[in-house]
Amino acid sequence: MKFVPTAVSGAFVVEVEARSDERGLFARTFDAKSFADHGLVPVYSQCNVSQNHKRGTLRGMHYQAEPRPEIKLVRVTRGRVFDVALDLRQDSPTYLKWAAVELDAIRHSAFYIPAGCAHGFLTLEDDCELFYQMSEVYVPELARGVRWDDPAFSIAWPFAPSVISERDAALESYSQETSL
């Protein structure tokens, strides 16, 4: 595995090193020791799947507040998405910066998103599925979010979403006082 830094401090693209032969492909997608050696969380307490039917579906920008902020390891198991990490850690050198990566089921890469960062994605084709490993269990009262199109961040989405939940569409603009 290769751990490729992004524009957000502590966020990495985790690239697999696949081996192919006449049978197909084999790749290690997770190794606790390799993650720990890179200073990343090697243990996850919850896994989730997100299935998305239509191209242009946007989910985000979500995070879980203190005292149980989540680290996410996100992988696409079907389809292709534009995946975004947004740094909301006020003490971070990349505060209010974002990083995006295109994840797909062919390359098998993952996106490691540190605690204190909001996460969201836009599906680039129909029938996408994402698999999340989470460092914390979901705590509904700690669930937070910020607008996907907030000018405070200027995220360069590849196109405007055509499918977005009422909850995500109603998220408020970012405020330092109400964050994390």
Side-chain angles (χ1 to χ4, degrees), residues 1-21 24-50 52 58-125 128-138 144-146 148 153-158 179-180:
M1 288 180 292
K2 294 181 189 171
F3 296 84
V4 181
T6 69
V8 169
S9 178
F12 292 87
V13 176
V14 182
E15 296 178 349
V16 301
E17 296 171 329
R19 304 216 191 312
S20 297
D21 62 21
L25 174 139
F26 179 84
R28 181 172 303 161
T29 60
F30 180 78
D31 178 347
K33 182 177 181 331
S34 293
F35 271 65
D37 289 349
H38 284 85
L40 308 180
V41 166
V43 177
Y44 296 90
S45 60
Q46 182 174 310
C47 295
N48 303 316
V49 173
S50 171
N52 307 274
L58 185 131
R59 292 186 189 243
M61 299 294 295
H62 306 143
Y63 64 98
Q64 189 160 288
E66 294 285 353
R68 312 261 327 243
E70 298 168 321
I71 294 166
K72 297 178 181 179
L73 183 63
V74 181
R75 182 179 314 281
V76 169
T77 55
R78 186 172 55 242
R80 189 169 56 98
V81 304
F82 182 82
D83 205 50
V84 177
L86 170 64
D87 194 345
L88 297 177
R89 302 166 293 179
Q90 293 180 359
D91 61 345
S92 170
T94 56
Y95 176 57
L96 300 184
K97 302 275 191 250
W98 58 273
V101 61
E102 188 174 301
L103 297 176
D104 62 55
I106 294 169
R107 289 179 286 184
H108 308 286
S109 298
F111 198 10
Y112 180 92
I113 301 166
C117 290
H119 171 250
F121 64 86
L122 180 68
T123 59
L124 300 175
E125 53 190 55
C128 292
E129 183 177 86
L130 290 80
F131 178 74
Y132 293 67
Q133 291 172 255
M134 316 290 282
S135 66
E136 289 286 341
V137 297
Y138 177 68
R144 304 284 189 277
V146 294
W148 67 275
F153 317 127
S154 298
I155 297 171
W157 298 96
S179 69
L180 302 178

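In this structure, G79 and C128 approach most closely via the heavy-atom pair CA-SG, 3.9 Å. Of all heavy-atom pairs spanning Y63 and G145, the tightest one is CE2-N, 3.9 Å. Across all their heavy atoms, V13 and S109 have their closest contact at CG1-CB, 4.2 Å. For the pair L86 and W98, the tightest heavy-atom approach, listed with the atom from each and the gap, is CD1-CB, 4.1 Å. Nearest approach of R107 to V16, heavy atoms of both residues: O-CG2, 3.4 Å.
With values rounded to the nearest 0.5 angstrom, M134 atom CE is found 4.5 Å from K72 atom NZ. With rounding to the nearest 0.5 Å, the separation of SG in C117 from CD1 in I71 is 10.0 Å. To the nearest 0.5 Å, atom OH of residue Y112 and atom CG of residue L73 are 8.5 Å apart. Taking CG of L103 as the reference point, atom CG of L130 lies at 7.0 Å (rounded to 0.5 Å). For the atom pair T123 OG1 and D83 CG, the distance stands at 11.5 Å (nearest 0.5 Å). Remark: L96 CG to S154 OG distance equals 10.5 Å, nearest 0.5 Å.
The pair R89-D91 does not meet the salt-bridge criterion, since no charged nitrogen lies less than 4.0 angstrom from a carboxylate oxygen. Checked for salt-bridge contact, R80 and E102 meet the test: a charged N lies under 4.0 Å from a carboxylate O.
Between F131 and C47, some side-chain heavy-atom pair lies under the 4.5 Å cut-off. Residues V4 and E15 have side chains in contact (heavy-atom distance under 4.5 Å, counting atoms from C-beta outward). Proximity of V146 to F153: side-chain heavy atoms (C-beta onward) are separated by under 4.5 Å at one or more points. With a 4.5 Å cut-off on side-chain heavy atoms, F82 and V101 do not count as touching. Counting heavy atoms from C-beta on, the side chains of H119 and V74 come closer than 4.5 Å. In this structure, the side chains of V49 and E129 come closer than 4.5 Å at one or more pairs of heavy atoms.
Checked by atom type and distance alone, the side chain of S45 pairs as donor or acceptor with a backbone atom of S135 at under 3.5 Å. With hydrogens and angles disregarded, no donor-acceptor distance shorter than 3.5 Å links the side chain of R144 to the backbone of H62. Under a 3.5 Å cut-off, the side chain of E125 and the backbone N or O of V81 do not form any donor-acceptor pair. The backbone N or O of Y138 sits nowhere less than 3.5 Å from a side-chain atom of R68 that would complete a donor-acceptor pair. With S9 contributing its side chain and T94 its backbone, the two residues share no donor-acceptor pair below 3.5 Å. Of the possible polar contacts, none joining the E136 side chain to the E70 backbone as a donor-acceptor pair under 3.5 Å is found.
Donor-acceptor pairing under 3.5 Å is recorded for the side chains of S92 and D87. In summary, the side chains of S50 and R59 do present a donor paired with an acceptor at a separation below 3.5 Å, with no hydrogens or angles considered.
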Without placing hydrogens or testing angles, list every side-chain donor-acceptor pair under 3.5 Å for residues 33-43, not counting sequence neighbours.
unit_1: K33; atom_1: NZ; unit_2: D37; atom_2: OD2; d: 2.9
unit_1: S34; atom_1: OG; unit_2: D31; atom_2: OD2; d: 3.3
unit_1: H38; atom_1: ND1; unit_2: S34; atom_2: O; d: 2.8

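In this structure, L25 places its CG atom where more than 12 heavy-atom neighbours from other residues, nucleotides or ligands lie under 6.0 Å away. Residue R78 places its CZ atom among more than 12 non-hydrogen atoms of other residues, nucleotides or ligands, all under 6.0 Å distant.
Ring-plane geometry between F121 and Y132 is classed as tilted, the angle between the planes lying from 30 to 60 degrees on a 0 to 90 degree scale.
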Review point. Run the ring pair (Phe, Tyr, Trp, His ring centres under 6.0 Å) check on Y44 and F30 step by step: do they pass?
Key: CA-CA 11 Å; Y44 296 90; F30 180 78; 5.8 Å; yes
